[in-house]
Number of protein chains: 2
Amino acid sequence: MEPGTPDHMIREDCAPRRVLALFDAKWTSMVLHVLATHLGGSARTGVLERSLPGISKKMLIQTLREMEASGLLSRHNHGTVPPAVEYAVTPLGRRFVEPIDLLYNWARANADALDALVARPKSSRR
Amino acid sequence: MEPGTPDHMIREDCAPRRVLALFDAKWTSMVLHVLATHLGGSARTGVLERSLPGISKKMLIQTLREMEASGLLSRHNHGTVPPAVEYAVTPLGRRFVEPIDLLYNWARANADALDALVARPKSSRR
DNA sequence: CCGCATCCCATGCGATACTG
DNA sequence: CAGTATCGCATGGGATGCGG
């Protein structure tokens with residue numbers, strides 16, 4: 001039981017790392033958040049695009065399809081013309097909304113801490 | 001007030017996006033978590049390395065220095081030989097431990113949902 | 001033991017243009 | 001409006017090797 005004994009190791013296949021993988025998709029959590037928390041659970045492509053300033057059409061579609069593939073979203077094509085496609089949060093997806101919103105709310109409530117992270121004017125260098 | 005009016009837009013410089021930036025560093029949150037929650041707030045480089053299986057020495061050092069630069073960690077060189085350097089979570093860094101641990105705990109408690117994400121054997125394609 | 005420098009490849013992702 | 005196809009660059013990040 002030496003001090004350096006790592007019983008606290010973050011195994012490579014542990015749950016936390018799997019969650020992080022969710023976030024390095026960069027848009028996944030935002031899509032889920034906007035869709036579930038601000039758009040009532042479902043929305044059309046265009047609405048999503050306008051809700052996420054800065055996202056490219058390519059990334060939007062790509063993200064949506066990946067999320068559909070993993071079961072976070074469902075996709076419904078109305079088959080009309082012009083096209084109307086609706087993406088909805090699945091029950092599985094809904095389970096992920098909780099931690100995401102928690103994180104987002106923390107962020108909003110702690111904007112000061114985030115500012116400190118960037119603004120390091122008078123540094124403590126060495 | 002049409003249905004598609006985006007008062008729910010996720011602005012490009014909003015707090016949530018800044019938090020996400022933290023996570024796409026890939027190791028930052030894990031370092032913070034291990035250090036604060038499992039190692040009592042500070043540890044030497046080697047201990048950290050062994051606590052994060054899969055991290056390369058390069059990424060470990062790089063992450064640690066970036067975190068020091070942004071004020072999440074402090075670095076103390078003992079000046080001995082062989083070298084002994086100790087990284088400690090700063091008060092600022094400690095503020096980020098809360099949401100990270102929240103996320104990690106959620107992950108551990110919801111491993112089943114995470115499994116579902118990957119294991120999509122019988123697909124619902126179309 | 002701690003840290004830095006290189007090389008180098010995989011990929012993320014935006015820009016743009018085209019189709020039904 | 002929804003989606004696809006290309007191109008091209010920036011960058012993340014691993015491997016390896018040197019130095020104090």
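Everything numeric in this text was worked out from a predicted model, so none of it was measured. Below, chains carry the letters A, B, ... as their sequence lines are ordered, and counting in each starts from 1.
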Computed from five pairs at either end and rounded to 10 degrees, the angle between the axes of the helix from dC1(C)-dG20(D) to dG20(C)-dC1(D) is 30°
How many angstroms lie between atom [atom1] of [X] and atom [atom2] of [Y], to the nearest 0.5 angstrom?
X: S56(A); Y: I61(A); atom1: OG; atom2: CD1; result: 9.5 Å
X: S70(A); Y: L92(A); atom1: OG; atom2: CG; result: 7.5 Å
X: C14(A); Y: R108(B); atom1: SG; atom2: CZ; result: 7.0 Å

(request) With side-chain contact (heavy atoms from CB on, under 4.5 Å) as the test, would you mind laying out the steps for I55(B) and W27(B) before giving the verdict? (result) CA-CA 8 Å; I55(B) 196 173; W27(B) 294 107; 3.7 Å; yes
For S29(B) and Y104(B), which I'm curious about, is there any donor-acceptor pair between the side chains at under 3.5 Å? yes
Outer limits of DNA chain C sitting under 4.0 Å from a non-hydrogen atom of chain A, read 5' to 3', are dC13(C) to dG20(C)
- Item | Residues R18(B) and D13(B) bridged, charged N to O under 4.0 Å | no
Salt bridge check, R95(A) against D112(B): does any charged N sit closer than 4.0 Å to a carboxylate O? yes
5'-most to 3'-most nt of DNA chain D touching chain B (<4.0 Å, heavy-atom partner on protein side) reads dG13(D) to dG20(D)
Evaluate side-chain contact (heavy atoms from CB on, under 4.5 Å) for F96(A) paired with V19(A), printing each intermediate quantity in order.
CA-CA 9 Å; F96(A) 289 85; V19(A) 182; 5.8 Å; no
When K58(A) and L64(A) are each assigned the nearest nucleotide of DNA chain D, the 5'-most assignment goes to L64(A)
The answer to which of P82(A) and Q62(A) contacts DNA chain C further toward the 5' end, by nearest nucleotide, is Q62(A)
Has R11(A) got more than 12 heavy atoms of other residues, nucleotides or ligands less than 6.0 Å from its CZ? no
Practice task
Classify the nucleic acid contact of K57(B) as base, sugar-phosphate or nothing, counting any heavy atom under 4.0 Å across all strands shown.
Solution key: base
**Report entry** T90(B) side chain vs L72(B) backbone, donor-acceptor pair below 3.5 Å
**Finding:** yes
